[in-house]
Colleague: 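Before anything else, here's the structure in question.
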Amino acid sequence: MGTMTEKKEQIATRVAYGKTLAELGKENPNIVVLDADLSGSTQTKFFAKEFPDRFFNMGVAEQNMIGVAAGLASTGKIPFASSFAMFACGRAWEIVRNAVCHNQFNVKICATHAGLTVGEDGGSHQIIEDIAIMRVIPHMTVIVPADATEAKLATRNISEFFGPVYMRLGRSNVPVIFDENKYEFKIGRAPIVKAGIDVSIFACGVMLSRALWAQEILQNEGISAEVINISTIKPLDKETILMSVRKTGCAVTCEEHNIHGGLGDAIAGVLVEHNPVPMKKIGVMDQFGQSGKADELLIHYGLTKEKIAEAATEVIKLKNAKNC
Amino acid sequence: MPLSDEKLRELKEICKDLRKSIIKMTHAAASGHPGGSLSATEILAVLYFAVMKYDPYNPNMPDRDRVVISKGHATPLVYSILAKAGYYKGDDLHTFRQLGSPYQGHTDRLRAPGIETSTGSLGQGTSFAVGAALGCRLDKFNNRIYLLQSDGELQEGSTWEAIMSASHYHLGNLTCILDRNRIQLDGWTEETMSLEPIHKRYEAFGWHVQEIDGHDLNQIYDAILLTQEIGPKEHKPCVIISHTIKGKGISFMENQVKWHGVAPNDHELEIALKEIENS
C-alpha cells in the first residue's frame, strides 16, 4: 500500500516492455530479442534499432522463433521472444512445452495483444486461453503485469531470473496504477493494493484497475474490499491469498481471460484445497471475442467494475448465509 | 583428404560396437527404435571420432562443436555413442527406457550429459540448431553446429521454417546431415507423404547440398570436411543428404518398415549379434 500513483496517465504494458527491453540491452550483452514480423506492434523495434546484431526477426514463423530462442539460450544468451500472444502461446505451444520448458531453457516469452483489449482485430486475435495453456506447463513462470509500471519492473526482473517465463502484455492503453518509485515487483509475490476486511478481490492485468474502481463503489456502500494484484499467476502467492480469505471469508476473481483455466481457476484450486469460501469468477464466459473498441468489449463481455461489485456483494451474502 | 587406413579400421570397429549396443539396448527395453539408429551409425561415428571437438569431462565447454539430434528417437545410438565417447561408463545402458534411468526413450538433456537439447518431438531440432549457430556466431566461436535430421521430419512445417531462417541468417557454421533412410513409421516416405525432390528443395531454400552414401565412412568424412570449407566461405548452411538403409547391418531389419520402432526378441538378438560380429 502507499504504492499507488496520483497521476491519471494511460500507457499500454507493451510500450513499457519495449522501452525497458532497449534499456536492458545496454546493460546486459547477453540479452537477445526475437520477433515474428510484429516488432512495430510488440515494441521490440526499440531494441532492434539499438542492437541490430542481437535482434532476430524470424518472419511469420512463431514455431521456429521459439525453437531458435531455445537454441540461443543453450549458448548462454537470454532470449526474449515476442509476438502476439495468440501465436507465441497458441501457435507455438508444443515448442514452448518441449523445446523450452522440458529443457528448462532460459527463454522469456513476452507476448503482447493478449485478451479482448486487442480491440478491432476481433476474435481471431483476442486470445483468452493463454494463461490457462501456459500455466499448466511444468517449470513455466506466468506473469501478468497490471500496468506500465509493473510491466517495466517485471521486464527487468525476469531478465535476472533464470528459467522459462511467459509474460502477458496488452495492446491498449491502461491506467497507470503504481508509482514507480515506491512499487516493488517480485516474482511470486501478490501485493495487497487496498486492504479490506469484507471480501477479497483478486485481479490481474487490466482488471486490476476495474477491481480498484469496484472497491470504491463498495466503499460507498459501506463494504470494505481487499484488492490484491495477482501479477504472478504461477507460482501463485498462496500465503497472501489464504491470509486474505481467512480474514474476509469470501472472494472474487477478475481476469481478461476465459473463466476456464485462468486466474479464477488457479485461485479456486488453492481455496478448495486449503480454505473453501464462497467465490465468484469475473471473466469471459467461455466465448470468443469480436471486433470493437477495447473498452466497449470489456463492457460487452461483463468485465466491469459494476459486475465485480455485484459479485462481491453476492459472495458476502453467501458467506453471511453460511455463517447464520 | 581421406581417412587413414588405421582410422577407417578404428571407425569400423566402433560402428560394430555401436550396432551391438543398439540391439542389446532395445532388446533389454523390449521397445525403442533400432531402425533409425542403425541407419545413422556411421554418420555419428565419423562426427564423434573423426571430426568434432568436444570434452566429455567438460560437456558444457562453451566453444565445443555441437551435435543436435533432431531425430530424438535414435536414443539407442545416441546413448551408446556418448558412452563410447566417454561421457559416462555405459555399464547401465540396459536400463534404457526404464523408470528412473538416465537413458530416456527420447533424448533428455537433463538426465544424461552430452545432449544439447531434449528432442523427440519431430521438427524442432533444426530450429534449435539455428539458435545455437546464431549464439555461437555472436560469441565469435570458431566451432560448428552439426544437425542430425530425419527424413520423416521434413514433413513438419516447422522444419522448413527453420531451413528458411538458416539461409536468411547466412549460417555458414551449420552442417545438417539428413539421414535419408526413406522409411517412416507408417511406411515409405514417398508413399506416406512424398519428400522428393529434397535436393532441389534444399537448394531452393539457399543451402549448399551434397549427396552421399551414408554408410561410407570416407564419403561422410569428406562431405563434412567440405562443409567446413564451403559454409564459412559462401556464408551458407550446408546439408549432406546421406542415403542410408534403415536397419543397416542386420539382414532381417534392413529396409523393413516394421523395424522403425520394434525391439528384437531373444532369438532375433542372437542372430543380429552374430551378423554384426561377422560383418
Colleague: Which answer fits A99(A), side chain, backbone, both or neither, if we ask what part of it has an atom under 4.5 Å from a heavy atom of chain B?
Modeller: both
Colleague: If we define contacts as heavy-atom pairs under 4.5 Å, which of L134(B), I115(B), V130(B) has the most with chain A?
Modeller: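 Counting heavy-atom pairs under 4.5 Å, the top option is L134(B).
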Colleague: Got a second to check how far L110(B)'s CG is from F105(A)'s CZ, nearest 0.5 Å?
Modeller: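 Reported to 0.5 Å precision, the distance equals 7.5 Å.
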Colleague: Please check if atom CE in M193(B) has more than 12 non-hydrogen atoms from other residues, nucleotides or ligands closer than 6.0 Å.
Modeller: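 It does not: M193(B) CE has 12 such atoms or fewer within range.
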Colleague: Write out the donor-acceptor pairs between chain B and chain A under 3.5 angstrom, atom names and distance to 0.1.
Modeller:
unit_1	atom_1	unit_2	atom_2	d
R109(B)	NE	N103(A)	O	3.1
R109(B)	NE	N103(A)	OD1	3.4
R109(B)	NH2	N103(A)	O	2.7
T117(B)	OG1	N103(A)	ND2	3.0
S118(B)	N	N103(A)	OD1	2.8
S118(B)	O	N103(A)	ND2	3.4
S118(B)	OG	N103(A)	OD1	2.9
S121(B)	OG	E94(A)	OE1	3.2
S121(B)	OG	E94(A)	OE2	2.5
Q124(B)	NE2	E94(A)	OE1	2.5
S127(B)	OG	N64(A)	OD1	2.6
D139(B)	OD1	K77(A)	NZ	2.8
D139(B)	OD2	K77(A)	NZ	2.9
E161(B)	O	N64(A)	ND2	3.4
E161(B)	OE1	N64(A)	N	2.9
S165(B)	OG	N64(A)	ND2	3.0
Y169(B)	OH	N57(A)	N	2.9
Y169(B)	OH	N57(A)	O	2.9

